[in-house]
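Count residues from 1 along the sequence.
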Amino acid sequence: MRIVLQRVARAAVTVGGEVVGAVEEPGLLALVGVTHDDDAATAAKLAEKTWTLRLLEGERSCADLGAPVLAVSQFTLYGDARRGRRPSWSAAAPGPVSEPVFEAYVAALRERGARVATGRFGAAMQVELVNDGPFTLVLDSAELERPRRG
């Protein structure tokens, strides 16, 4: 899994002119990409990391503040533009594989007490946000598995 976390003052996702998910106070926007070998265990590990990382004001976490998370599925995080002019999406898991993993991520956040809003899986979404900082961090499950250097 690959997650782009953005610290936001507020954020909203709209589908067809209707706001389907929003956070109206400081929290996180999580853009979530799923690859082929991800599963519910991967989702739970990254949900824990999302919930407890001290990314908010005063080096506090969502867990510390009870801050909300807006989670939006985004397969394009696994786009590969190394060759040619058209990105390849082959590293992104197809909907039937990625949707349950995305839902497991959301469920794992909620199990930890998070207030989670979401977009609509597979829909054409418009995401608006006020990035606080700006502050953006990328979590990648492949990076979490490797030992740290130095």
Donor-acceptor contact below 3.5 Å, side chain R60 vs main chain L65: no
Could you pull out all donor-acceptor pairs under 3.5 Å where a side-chain atom in residues 17-33 meets a protein atom, sequence neighbours excluded?
unit_1, atom_1, unit_2, atom_2, d
E25, OE1, R115, NH2, 3.3
E25, OE2, R115, NH1, 3.1

Let me check something: any side-chain donor-acceptor pairs from residues 90-100 under 3.5 Å, sequence neighbours excluded? List them with distances.
unit_1, atom_1, unit_2, atom_2, d
S90, OG, S88, OG, 3.1
S98, OG, P94, O, 3.2

Between T35 and D38: side-chain donor-acceptor atoms closer than 3.5 Å: no
Inter-residue atom distance K49.NZ - L55.CG, 0.5 Å rounding: 9.5 Å
Shared hydrophobic cluster, V69 / F121 (ILVMFWY, side-chain heavy atoms < 4.5 Å): yes
Same cluster (ILVMFWY, side-chain, under 4.5 Å), L53 and L46: yes
Set of residues satisfying salt bridge (Lys or Arg N to Asp or Glu O under 4.0 Å) with respect to R112, sequence neighbours excluded: E48
Close side-chain approach of T50 and Y105, heavy atoms under 4.5 Å: yes
Closest heavy-atom pair and its distance - V72, F102: C-CE1, 3.9 Å
Same apolar cluster (I L V M F W Y, side chains within < 4.5 Å links), L5/V34: yes
Mutual orientation of the aromatic rings belonging to F75 and W89 [parallel < 30°, tilted 30-60°, perpendicular > 60°]: perpendicular
V101-V4 co-clustered via ILVMFWY side chain contacts under 4.5 Å: no
Other residues, nucleotides, ligands: >12 heavy atoms within 6.0 Å of E128 CD: no
From OG (S141) to CG (D39), nearest 0.5 Å: 9.0 Å
R110 side, atom CZ; E103 side, atom CD - distance, nearest 0.5 Å: 8.0 Å
Between CD on residue Q74 and CE on residue M125, distance to nearest 0.5 Å: 8.0 Å
Pair listing, salt bridge (Lys or Arg N to Asp or Glu O under 4.0 Å) test, anchored in residues 69-92, at least two apart: D80-R82
Other ILVMFWY residues reachable from Y78 by side-chain steps of under 4.5 Å: none
Atom pair CE (M1) and CG (D140), whose distance is rounded to the nearest 0.5 Å: 10.0 Å
Check: L70 and V8 side chains under 4.5 Å, non-hydrogen atoms: no
For residues 129-138, run the donor-acceptor check on the side chains, cut-off 3.5 Å, and write out each pair with its distance to 0.1 Å, sequence neighbours left out.
unit_1, atom_1, unit_2, atom_2, d
N131, OD1, F135, N, 2.7
N131, ND2, T136, OG1, 3.3
T136, OG1, Q6, NE2, 3.4

